[in-house]
Amino acid sequence: MPQTKPIVSVENVVASASVDQKMDLNEITKTFPDVEYHPDQFPGLVFRLKTPKTATLIFTSGKMVCTGSKSEDMARKAVKTVVQKLRKGGIKVKKDATVQIQNIVASINLGGKIHLEQAARTLPRSMYEPEQFPGLIHRMLDPKTVILLFSSGKLVCTGAKQEPDVYRSVNNLHALLEEKNLMIYD
Amino acid sequence: RLRTWDSRSQVHEPVDRNFRQAFSELDRLKDKLAVGDAVIEKAAYIYRKALEKGLVRGRSISALIASALYAACRDTETPRTLKDIGQASNIKRKDIARCYRLLLRELNLKMPVVDPIKCISRIASKAGLSEKTKRKATKILQTAEENKISAGKDPMGLAAAALYVACVTNGENKTQRDVAEAAGVTEVTIRNRYKGLKVALNL
DNA sequence: ACTTTACTTTCCAAAGC
DNA sequence: GCTTTAAAAAGTAAAGT
């Protein structure tokens, strides 16, 4: 049994979406002056929302990528809001967008310090290179996620496709750290 | 010559020729970095394993050789930074780091964690510090590691700060700038590590 | 010396070079 | 592999006051 309850907060959700029709990005640029579109640099148009604070990339294929949401629901709502705004601006969008969550990034506090050097020696599929980055990088197989561990006891979990995977990853790792005596509680 | 050393590997190029070229490049880097024969042999071994696994396809051969050398330094605990290898090979630090990570993952290599104590000699030689100061810095880092202030910190920054503290206590006239330059870190980093050292050692 | 800004690492999708 | 978007962790770096 873990000695502390990890505090988890979702920091970013990446979702892909599609309205299943070709889009005229130059037309969007005309009716929405504050979008960013530099086709020489990148094929996607950047459509930013203030609430929720997100950035949605729109491609000529009608496919989109929404980043910056703090939850799966918020990501779905952000995509709906973008489509609504496009329609209000006179852009014809026949179907509603279909949304898929691609990645969830969360920060975690385990409530105790981690013995990083020892963790680097005992955790499989891990890399610890303080010359390059202060955190230990650990690849978890199930769920398939990547967790960054810091000596402060804080973590970053990324690669999850659904929120329960974040909790499963954190609990798996927390149990493993305690089992191998890599946690230091005050 | 149609193919230069920086060219991408060719599918039909004989593996044997590729390896001979790699060995001559490693010999050139050996002098620039002043590493021993054992390190070069280890690097050649790692590079050959990478060749056998087909990791060279579509990649810069030079970057792979440089990262194999970095991996060999790490494995033999020879203190050479990515910056050192980058300057000797004219390959960007970031590219060597990326190739090095690839070698670790694809060849399932497990490297020892860099020990900042092993970095002391190299910095001390470059800065021209005494044997006495080196011994003092070693003792400082031993206490520091016991107090776990080293976690997550750049080993060169830790060694540089320890050497600076050792200079001050031994009355050796060296500035933070001298030590920072020899270690390849900034004076700000030495000051920040010094703060932690002060707490851990009751200075 | 101090603050601010920015870069290092991890993840993922999009279209195209 | 690269380009762009977002976000956290902690360390290092550089620029401006």
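Chain letters run A, B, ... following the sequence lines, proteins first and then strands; every chain starts at 1. What you see is a predicted model; the values in this text were computed from it and never measured.
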pair A/Val65-A/Ile58: side-chain heavy atoms closer than 4.5 Å: no
Please report the distance separating the P of D/dA7 from the corresponding atom of C/dT3, rounded so that it comes out in whole Å. 24 Å
Over all strands shown, is A/Val10 touching base, sugar-phosphate only, or nothing at heavy-atom distances under 4.0 angstrom? nothing
Side-chain N,O (B/Thr186) to OP1/OP2 (D/dA13) below 4.0 Å: yes
Has B/Arg98 got a side-chain N or O lying under 4.0 Å from the OP1 or OP2 atom of D/dG1? no
For the CZ atom of A/Arg168 and the CG atom of A/Asp165, what is their distance to the nearest 0.5 Å? 5.5 Å
Nearest-Å distance once atom C1' is located in both D/dA9 and C/dC2: 23 Å
Output the single nucleotide from D/dA8, D/dT5, C/dC11 whose closest atom is nearest the side chain of A/Asn103. C/dC11
Kindly say if A/Ser152 contacts the phosphate of D/dA10, meaning a side-chain N or O under 4.0 Å from OP1 or OP2. yes
Phosphate oxygens OP1/OP2 of C/dT8: is one of them under 4.0 Å from a side-chain N or O of B/Lys94? yes
Does the side chain of B/Arg59 get closer than 4.0 angstrom to OP1 or OP2 of D/dG1 through an N or O atom? no
Are a donor atom and an acceptor atom from the side chains of A/Gln21 and A/Lys95 found within less than 3.5 Å of each other? no
Sub-4.5 Å side-chain heavy-atom contact between A/Met140 and A/Leu173: yes
Atom P, compared across C/dT8 and D/dG1: separation rounded to whole Å: 16 Å
Quick note, B/Arg101 side chain, CB onward, closest among D/dA10, C/dT9, C/dA13 is C/dT9
Is any side-chain N or O of B/Arg93 closer than 4.0 Å to OP1 or OP2 of C/dT8? no
Write down the distance separating the P atoms in C/dT9 and D/dA13, rounded off to the nearest Å. 15 Å
Give A/Glu36 one of three labels, base, sugar-phosphate or nothing, depending on what nucleic acid heavy atoms sit under 4.0 Å from its own. sugar-phosphate
Face-to-face contact A/Phe42 to D/dT3 six-ring, under 5.5 Å, under 30°: no
Side chain of A/Asn12, heavy atoms from C-beta onward: which of C/dC11, D/dA6, C/dC12 has the nearest atom to it? D/dA6
Between the side chains of B/Asp37 and B/Lys42, is the shortest nitrogen-to-carboxylate-oxygen separation below 4.0 Å, so that they form an ion pair? no
Is the closest side-chain donor-acceptor distance between B/Ser24 and B/Asp27 under 3.5 Å? no
What is the distance from OH of A/Tyr128 to C1' of D/dA9, rounded to the nearest Å? 14 Å
Starting at NE2 of A/His138, measure out to CG of A/Leu177 and round the result to the nearest 0.5 Å. 8.5 Å
Return yes if some donor-acceptor pair links the side-chain N/O of B/Lys83 with the main-chain N/O of B/Gly184 below 3.5 Å, else return no. yes
Return yes if a side-chain donor-acceptor contact under 3.5 Å exists between B/Tyr100 and B/Arg74, otherwise no. yes
Residues in residues 44-74 of chain A with a heavy atom under 4.0 Å of DNA chain C, by number, are A/Leu57, A/Phe59, A/Ser61, A/Lys63, A/Val65
Checking all strands, does A/Val105 fall into the base, sugar-phosphate, or nothing category for heavy-atom contacts under 4.0 angstrom? base
Identify whether any heavy atom of B/Gly152 sits under 4.0 Å from a base atom; if not, whether one sits that close to sugar-phosphate; answer base, sugar-phosphate or nothing. sugar-phosphate
For DNA chain C, the dot-bracket notation using Watson-Crick and G-U wobble pairs below 3.5 Å, [ ] for pseudoknot-type crossings and | for other-strand pairs, is ||||||||.|..|||||
Would you say A/Thr54 and A/Ser69 are linked by a side-chain donor-acceptor pair, where the criterion is simply a distance under 3.5 Å? no
